[in-house]
There are 2 protein chains.
Amino acid sequence: MHEMNYIPNQVAKNLRKKRTNTIGFLTKEYFPLVGDFLNSFTKIAAEHGYSVNVYFTQTADNELKTLRLLTTHALDAVFILTRINSWDTISSYAKFGPISTWHRVNRPNIYSNFIDHYPIYYHVMNHLYDNGHKNIGHVLSSLRNANTRARTRAIDDFKASYPDSNQDFQLFYHTQTGTGEDAAQKWLAAKNKPSAVIFYADFVAAEFISTLRKNGKKVPDDCLVVGSDNSEIAHMMNMPTIDLCFRNQAHNAFIYLYNELNSDRLSYENQNPHWVDAN
Amino acid sequence: MHEMNYIPNQVAKNLRKKRTNTIGFLTKEYFPLVGDFLNSFTKIAAEHGYSVNVYFTQTADNELKTLRLLTTHALDAVFILTRINSWDTISSYAKFGPISTWHRVNRPNIYSNFIDHYPIYYHVMNHLYDNGHKNIGHVLSSLRNANTRARTRAIDDFKASYPDSNQDFQLFYHTQTGTGEDAAQKWLAAKNKPSAVIFYADFVAAEFISTLRKNGKKVPDDCLVVGSDNSEIAHMMNMPTIDLCFRNQAHNAFIYLYNELNSDRLSYENQNPHWVDAN
DNA sequence: CTGAAAGCGCTAACAG
DNA sequence: CTGTTAGCGCTTTCAG
């Protein structure tokens, strides 16, 4: 019998139970929404007894090394915010532990809590058009991203329905660093400037605004800028944005992992993307 | 002999080695700099074979529960970004694993990679005074924070040296949410408005700016706003800020933990706080 | 130099 | 119902 100040060893428990109650949170790089998302994800995880390990994967090799933590039983499950390797490669790790993401990916063994950007994006264009914006610019993420493809489909369909509108200003980016500034330079250089531009991320939109203002332009008078996250930055910059429910996505992405790992079932949250006015 | 597809079990290794190579990153709540800091901290940790567990402690009880992970050998060490319990209470856990923080705390068993805010703050006030700002406002963090006390000492000493200056506008806050807006309301209501205001965080300064603009004020014409982190937000909002070297702090805070846990020694980085102009 | 064994600290199963 | 034991998978030690 030990003395009364006995402290159980968690690692021994983990070995025995073959569970660490730890989930990996993988993102290629840091951008502001990572923090917000992680905040939501970690809190719901903590409520159900899980802790969250953060990994900034940076390289394809590193991402694989991190996924291999599932095979060594260091992690019970994995959430992927931004990936590097192909979904095929990633999904091959699902047999070692459940994997979820917020990206739109169609694999039987990866839970995807995606939002269909098509209807909301079409709705936003309609809204802008009704407010007199015939020339609408689009700053989009990479086309390898299914959300981006949904957006370009919406653009094409909208263009077909409203031939008098102009959707020619389209930019595609793979990262978020320096992007807003680059887009602003392109806008300043454009001969036929769109009167409104929709962005794939609040942060990029914010950088766009600040670069425009630095160049003596007025926002929203010269250009209405629309963000895409409903994050704090959107409020700060006083821009309209699109709520794509990342908080619910974080919630549901965890719920899936939990349900896969445990016998009891937690229930999913509904999500409802919507336009958010500048405050 | 097993087949060739043998995968070692990390948890068994951890049990044997009595090491998890995992560091806890504790913060009371989320605010934008948390993400930036975590990014720096996690990357340097990963370079040296450590992963980082994030905890949003929220309550005093929760924070203790998290610190107890040191006693159960779930965590090797702990970094504290924002605390809840007293440093006395926290330091009593140092015998179970090294603890570091970026706060200014004078405990033999807690490494504090603090920046002395006194000289840089005095310098900033001087700079503003030389540029014609006789009435300078101060939005500060809690007085239980040693950095805040260094700032108030700088204010008092400056006031003594320049009796014609006005430093009466002083606000103290415990959190970062809604703070900038509240400070802006106070500024708008003030009869004797300071022509420049220095903030304890970029994010709070940004919120202040956006609230002022919403109320028809011009920044920086009506009020020069100075931030305090040199974070992305400062660039976005085009405000001058103070670089307090949080990236170096993240680096050094990790180095300490590493050196305590290992026999080899990594070396610390120098830090040099400085004024950063609006770009 | 190679191979077996002990033990890290826990929990589940089993015996008393 | 209580107490002992086997084994989770690794590493270190010790014997061959």
Side-chain angles (χ1 to χ4, degrees), chain A residues 1-24 26 45-53 55 61-62 64-78 92-99 257-266, chain B residues 1-24 26 45-53 55 61-62 64-78 92-99 257-266:
Chain A
M1 307 302 128
H2 296 89
E3 290 298 335
M4 43 177 288
N5 51 359
Y6 158 73
I7 300 168
N9 181 311
Q10 187 58 46
V11 182
K13 279 183 174 177
N14 291 346
L15 177 61
R16 202 42 263 252
K17 296 259 198 75
K18 293 164 175 290
R19 282 291 170 83
T20 57
N21 274 36
T22 303
I23 296 175
L26 277 65
E47 281 168 25
H48 295 97
Y50 282 82
S51 41
V52 176
N53 256 9
Y55 299 90
D61 230 46
N62 239 313
L64 288 183
K65 214 191 297 174
T66 310
L67 285 170
R68 255 177 245 131
L69 294 176
L70 286 173
T71 71
T72 65
H73 297 98
L75 297 176
D76 289 352
V78 145
S92 71
Y93 287 86
K95 57 175 167 293
F96 302 107
I99 299 178
L257 300 178
Y258 181 92
N259 286 348
E260 287 291 304
L261 293 169
N262 299 277
S263 47
D264 58 325
R265 312 263 114 198
L266 303 176
Chain B
M1 308 302 126
H2 294 92
E3 291 298 335
M4 46 178 287
N5 51 0
Y6 157 73
I7 299 168
N9 181 311
Q10 187 58 45
V11 182
K13 279 182 173 176
N14 291 347
L15 177 60
R16 200 46 260 250
K17 296 261 197 76
K18 294 166 174 290
R19 280 294 168 81
T20 56
N21 275 35
T22 303
I23 295 175
L26 277 65
E47 280 168 27
H48 295 96
Y50 283 81
S51 41
V52 176
N53 255 9
Y55 300 90
D61 230 46
N62 238 315
L64 288 183
K65 214 191 294 174
T66 311
L67 286 170
R68 256 178 245 128
L69 295 175
L70 286 173
T71 71
T72 65
H73 297 99
L75 297 176
D76 288 353
V78 146
S92 71
Y93 287 86
K95 58 175 166 292
F96 302 108
I99 300 178
L257 300 178
Y258 181 92
N259 286 350
E260 288 290 306
L261 293 170
N262 299 277
S263 47
D264 59 323
R265 312 263 114 194
L266 304 176

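Chain A is the first sequence line, chain B the second, and so forth, proteins listed ahead of strands; every chain is numbered from 1.
Rounding to whole angstrom units, CG of residue A/Asn14 and C1' of D/dG9 are separated by 14 Å. When rounded to the nearest whole Å, the span between CG of B/Leu15 and P of D/dG7 equals 17 Å. A/Lys13 places its NZ atom 18 Å from the C1' atom of D/dG7, with the value rounded to the nearest Å. Distance A/Asn9 CG to D/dC8 C1': 13 Å, rounded to the nearest Å. When rounded to the nearest whole Å, the span between CZ of B/Arg16 and P of C/dC8 equals 8 Å. Protein atom CD1 of A/Ile7 is 13 Å distant from nucleotide atom C1' of C/dG9, rounded to whole Å. Distance, B/Lys17 NZ to C/dG9 C1': 17 Å, rounded to whole Å. The interatomic distance linking A/His73 (NE2) with D/dG9 (P) rounds to 8 Å, in whole Å.
Residues A/Val78 and A/Leu67 share a closest heavy-atom pair of CG1-CD2, 4.2 Å.
Considering only side-chain atoms of B/Tyr6, the nucleotide from D/dT11, D/dG7, D/dC10 that sits closest is D/dC10.
Judged by distance alone, the side chains of B/Tyr50 and B/Asp76 never bring a donor and an acceptor atom under 3.5 Å apart. Counting only N and O atoms by type, the side chains of B/Tyr55 and B/Asn62 include no donor and acceptor under 3.5 Å apart.
Between C/dT11 and A/Lys18, no contact under 4.0 Å exists linking OP1 or OP2 to a side-chain N or O.
Enclosure of atom CG in B/Asp61 is not indicated, since only 12 or fewer non-hydrogen atoms of other residues, nucleotides or ligands lie within 6.0 angstrom.
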